[in-house]
Amino acid sequence: MKTTSRIFLAATFVMLLCMASAFQLIKTQISITIRNDLGNTEEGATVKLYATEDDYKTEKNPVAEGTTDAKGIVKFKELKAISYFVLAQKDDKDNFGGGEQTGKLEANRVNKVTIVIQ
């Protein structure tokens with residue numbers, strides 16, 4: 001192989017590598033499973049994420065809101081890689097007062113959390 005061909009291939013490889021690192025395929029996400037005190041998943045639970053404890057306690061300014069699917073799961077996409085306060089409610093059950101804060105989310109990953117409502 002000629003030297004110019006090798007240089008061209010090397011330059012192309014470096015360019016593609018740079019482009020791949022510039023575009024993240026996965027945005028920071030969280031998948032939350034809601035379970036009741038018996039361990040069963042809860043369909044139709046309302047889930048809200050809050051960025052601050054004050055917003056969580058006053059239930060104001062949620063960052064994201066959703067409802068769990070048939071498997072008790074709700075997913076939120078394009079989040080910041082921070083810790084969130086989670087409020088999950090269904091009928092007269094909620095998680096207020098126990099285990100309501102996530103750990104810091106890992107950037108560009110699908111983070112998973114399970115919340116129990118009582």
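Just the heavy atoms: all of them, side chains too, but no hydrogens, waters or symmetry mates, feed the values below. Positions are given from 1 along the sequence.
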Close side-chain approach of [X] and [Y], heavy atoms under 4.5 Å:
{"X": "Thr33", "Y": "Ile115", "answer": "no"}
{"X": "Gln29", "Y": "Phe76", "answer": "no"}
{"X": "Leu49", "Y": "Ile32", "answer": "yes"}
{"X": "Asn95", "Y": "Val116", "answer": "no"}

Taking every non-hydrogen atom, the tightest pair across Pro62 and Lys48: CB-CB, 4.3 Å
What closest approach, in Å, do Val47 and Ala88 show between heavy atoms, and which atom pair accounts for it?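 In terms of heavy atoms, the two residues are closest at CG2-CB, 4.3 Å.
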Could you go step by step and tell me if Ile30 and Leu79 meet the side chain to side chain contact (heavy atoms under 4.5 Å, CB included) rule? CA-CA 8 Å; Ile30 192 168; Leu79 298 172; 3.5 Å; yes
N/O donor-acceptor pairs under 3.5 Å from side chains in residues 34-41, not counting sequence neighbours:
| from | atom 1 | to | atom 2 | distance (Å) |
| --- | --- | --- | --- | --- |
| Arg35 | NH1 | Gly39 | O | 2.7 |
| Asn36 | OD1 | Leu38 | N | 2.9 |
| Asn36 | OD1 | Gly39 | N | 3.1 |
| Asn36 | OD1 | Asn40 | N | 3.0 |
| Asn36 | ND2 | Glu42 | OE2 | 3.0 |

Could you tell me which residues satisfy side chain to side chain contact (heavy atoms under 4.5 Å, CB included) with Glu106, sequence neighbours excluded, listed by chain and number?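 For Glu106 the side chain to side chain contact (heavy atoms under 4.5 Å, CB included) partners, ignoring immediate neighbours, are Arg109, Asn111.
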With sequence neighbours excluded, what pairs up with Lys75 under the side chain to side chain contact (heavy atoms under 4.5 Å, CB included) test?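 Residues passing side chain to side chain contact (heavy atoms under 4.5 Å, CB included) with Lys75: Ser31, Ile73.
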May I have all residue pairs that pass side chain to side chain donor-acceptor pair (under 3.5 Å) and include part of residues 77-89, sequence neighbours excluded? Ser83-Gln101
Determine which pairs satisfy side chain to side chain donor-acceptor pair (under 3.5 Å) with at least one residue from residues 62-71, sequence neighbours left out, and list them in order. none
Which residues pass the salt bridge (charged side-chain N to carboxylate O under 4.0 Å, His left out) test with Lys57, not counting sequence neighbours?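 If we apply the salt bridge (charged side-chain N to carboxylate O under 4.0 Å, His left out) test to Lys57, skipping adjacent residues, the hits are Glu53.
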List the residues meeting side-chain hydrogen bond (donor to acceptor under 3.5 Å, both in side chains) with Thr52, not counting sequence neighbours, and say none if there are none. Asp55
With sequence neighbours excluded, residues passing ring pair (Phe, Tyr, Trp, His ring centres under 6.0 Å) with Tyr50: none
Okay, side chain of Lys90, backbone of Glu43: is any donor-acceptor separation there less than 3.5 Å? yes
